[in-house]
Number of protein chains: 2
Amino acid sequence: MRLAELSEVSGTSPASIKFYLRAGLLQPGTPINPTRADYTEEHVRRLRLIRGLRSTVGMGLEDIRRILDASTGVEDSAPRRLALLATVQSVVLRLDGAAAASAAGDALVRAMAWPDEDSEARSAVDHHLAVMDAAGVGVRPDVLEAYGRAADTIAGAQLAATELQDTVEDFILTAAVGMHLHNQLVLKVVALAQASHSIRRYGAAGPPDATGPGRP
Amino acid sequence: MRLAELSEVSGTSPASIKFYLRAGLLQPGTPINPTRADYTEEHVRRLRLIRGLRSTVGMGLEDIRRILDASTGVEDSAPRRLALLATVQSVVLRLDGAAAASAAGDALVRAMAWPDEDSEARSAVDHHLAVMDAAGVGVRPDVLEAYGRAADTIAGAQLAATELQDTVEDFILTAAVGMHLHNQLVLKVVALAQASHSIRRYGAAGPPDATGPGRP
DNA sequence: GCCCCGAGGATAGTTGTACTATCCGATGTT
DNA sequence: AACATCGGATAGTACAACTATCCTCGGGGC
């Protein structure tokens, strides 16, 4: 298919597609002749993934490239997808440094009966708990355990959902969108809890209409 | 104090301070004469709040302005702080539209024995649950309840922590940073749970070293 | 009284990200 | 053969958050 067609089926402007090509997010189509190139279904899936990660998850192009790079040029097997999931996580979480295992993290892993391995995610949790502690935002064990329980269920559901995807692209998108949406959900549930606690303590708070939200 | 002093105590460049002044995030200092202006402790606190929301929470200047606007020119009372908390939430959560109450949200509120009021946070949760459902990311009641339990504890701790703050600026920063850090924590716990589930199903996954993270 | 250094305000420039518009030569179509 | 079109390259735009430069004026040392 030509670039124009690719543009139509994906709802992306030809200019944007060219931009992604220049950025190396999309492989160039196989050139038929100096003025015509052929794009495949793979390009369509790729492009859909890029747009999904951009608009739904709000990911930057550099992050998208890292994920795309990790998913390119390899056969699509179960172990490969696991590695991919780890990459997606490390990009979403901006993992880079490691941290010493913490007692709290240890307690969490034991309480949830998770196989205690030395994953990046594990050290990310440990590191973050240390950061929160340093910021004076303590995390009580029961809170951590509640998160753990929720996360445990989500992880099962997410893995099941991702297993249903038959293309790598859908696999990645499902994983990333799932993480993103759950993240947003927690924010909102916490906000609701705070609002409810506030009411208990002080009675109903008037909406902040004076200078609050609601402007364009 | 002069602008240069304000710059020093806050660790912000004079140019940036001038920029914030132009943007209306900081009130102008009281002009002593056409070439000298006086800044107060209030300016210091404001500036610290701005920098904290920018660097720690990663908030945009427009969002910061909304919060600042809501906290300006009013006496600092308990009910006022509640309204402020609601504003901070609505900015952090990008609340704007409302949604019909959902059965799942109802169940959550009842399970947690939260005073079921018609807050923005409540409709945000309901709306988001609808969005997740539409995206094919179901949220099981037990997951929602686990989030609820964690959120309940956090809300108590956060409210207690914010009550300790004696300036409005610290109040806001504590609230915003708390929400932000908890949000990050959940992401990481979910990632850890996913990693653990993956291991259970497929055995240890090799780290995605091939094209994975670790680059600058 | 005079000079000059620094303060503060205004204006314009920079960086980074994500596109978007224009130009151009080749080429398939009529 | 005329001509619209395709795809690649280059340059421009929009927005955010700063940053650098200029300009003028006033207070303090001499």
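Reminder, nothing fancy here: chain letters follow the sequence lines and each chain counts from 1.
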- Starting from the C-alpha separation in whole Å, work towards a yes-or-no answer on side-chain contact (heavy atoms from CB on, under 4.5 Å) for B:Val190 and A:Gln158. CA-CA 10 Å; B:Val190 169; A:Gln158 278 295 117; over 6 Å; no
- Query: In residues 38-49 of chain B, which residues come under 4.0 Å of DNA chain C by heavy atom?
  - Reply: B:Tyr39
- Query: Within this structure, what is the CG-to-P distance between A:Leu3 and D:dC6, rounded to whole angstrom?
  - Reply: 9 Å
- Query: Between D:dG7 atom C1' and A:Leu26 atom CG, what is the distance in whole Å?
  - Reply: 14 Å
- Taken to the nearest 0.5 Å, the spacing of B:Leu68 CG from B:Thr87 OG1 works out to 11.5 Å
- Please state how far atom CD in B:Gln27 lies from atom P in C:dG9, giving the value in whole angstrom units. 13 Å
May I have the list of side-chain donor-acceptor pairs in residues 169-182 of chain B shorter than 3.5 Å, sequence neighbours left out?
| from | atom 1 | to | atom 2 | distance (Å) |
| --- | --- | --- | --- | --- |
| B:Glu169 | OE1 | B:Arg45 | NE | 3.0 |
| B:Asp170 | OD2 | B:Thr167 | OG1 | 3.4 |
| B:Thr174 | OG1 | B:Gln165 | NE2 | 3.4 |
| B:Thr174 | OG1 | B:Asp170 | O | 2.6 |
| B:His180 | NE2 | B:Thr56 | O | 3.4 |
| B:His182 | ND1 | A:Tyr147 | OH | 3.3 |

- Give the rounded distance in Å between these two atoms: CD1 of B:Ile17 and P of C:dA7. 12 Å
- Message: Can you measure B:Leu21 atom CG to C:dG9 atom C1' for me and round it to whole angstrom units?
- Response: 10 Å
- Message: Checking the side chain of B:Ser7 only, and the main-chain atoms of B:Leu3 only, is there a donor and an acceptor separated by less than 3.5 Å?
- Response: no
- Query: Any sub-3.5 Å donor-acceptor pair from B:Arg66's side-chain atoms to B:Leu61's backbone N or O?
  - Reply: no
- Item | Donor-acceptor under 3.5 Å (B:His43 side chain, B:Gln27 main chain) | yes
- Item | Nearest-Å distance for atom pair CG/P, residues A:Leu6 and D:dG8 | 12 Å
- Message: Rounded to the nearest 0.5 Å, what separates atom CG in B:Leu85 from atom CD in A:Gln194?
- Response: 5.0 Å
- Query: Is B:Ala4 touching bases, backbone alone, or none of the nucleic acid, heavy atoms closer than 4.0 Å?
  - Reply: sugar-phosphate
- Query: Can you list the steps and then say if A:Leu93 with A:His128 is a side-chain contact (heavy atoms from CB on, under 4.5 Å)?
  - Reply: CA-CA 11 Å; A:Leu93 303 180; A:His128 194 70; over 6 Å; no
- Spell out protein contact along nucleotides 25-30 of chain C as letters: B when the base is contacted, S when just the sugar-phosphate is, - when no protein heavy atom is under 4.0 Å; keep the 5' to 3' order. BBSS--
- Check: B:Arg201 side chain, A:Leu159 main-chain N or O, donor-acceptor pair, under 3.5 Å: no
- Note on the structure: So salt bridge (charged side-chain N to carboxylate O under 4.0 Å, His left out) across residues 82-92 of chain A, not counting sequence neighbours, yields none
- Item | Flag if over 12 foreign heavy atoms under 6.0 Å of CD, B:Glu8 | no
- Message: So if I take the C1' atoms of five pairs at each end of the helix from C:dG1-D:dC30 to C:dT30-D:dA1 and get each local axis, what angle do the two axes make, rounded to 10 degrees?
- Response: 30°
- Query: Once each nucleotide of nucleotides 12-24 of chain C is scored for protein heavy atoms under 4.0 Å, what B/S/- sequence comes out, 5' to 3'?
  - Reply: ------BBB----
- Query: Checking B:Asp38 side chain against B:Met1 main chain: does a donor-acceptor pair fall under 3.5 Å?
  - Reply: yes
- So, does B:Ser16 use its side chain to make a donor-acceptor pair with the main chain of B:Thr12 at under 3.5 Å? no
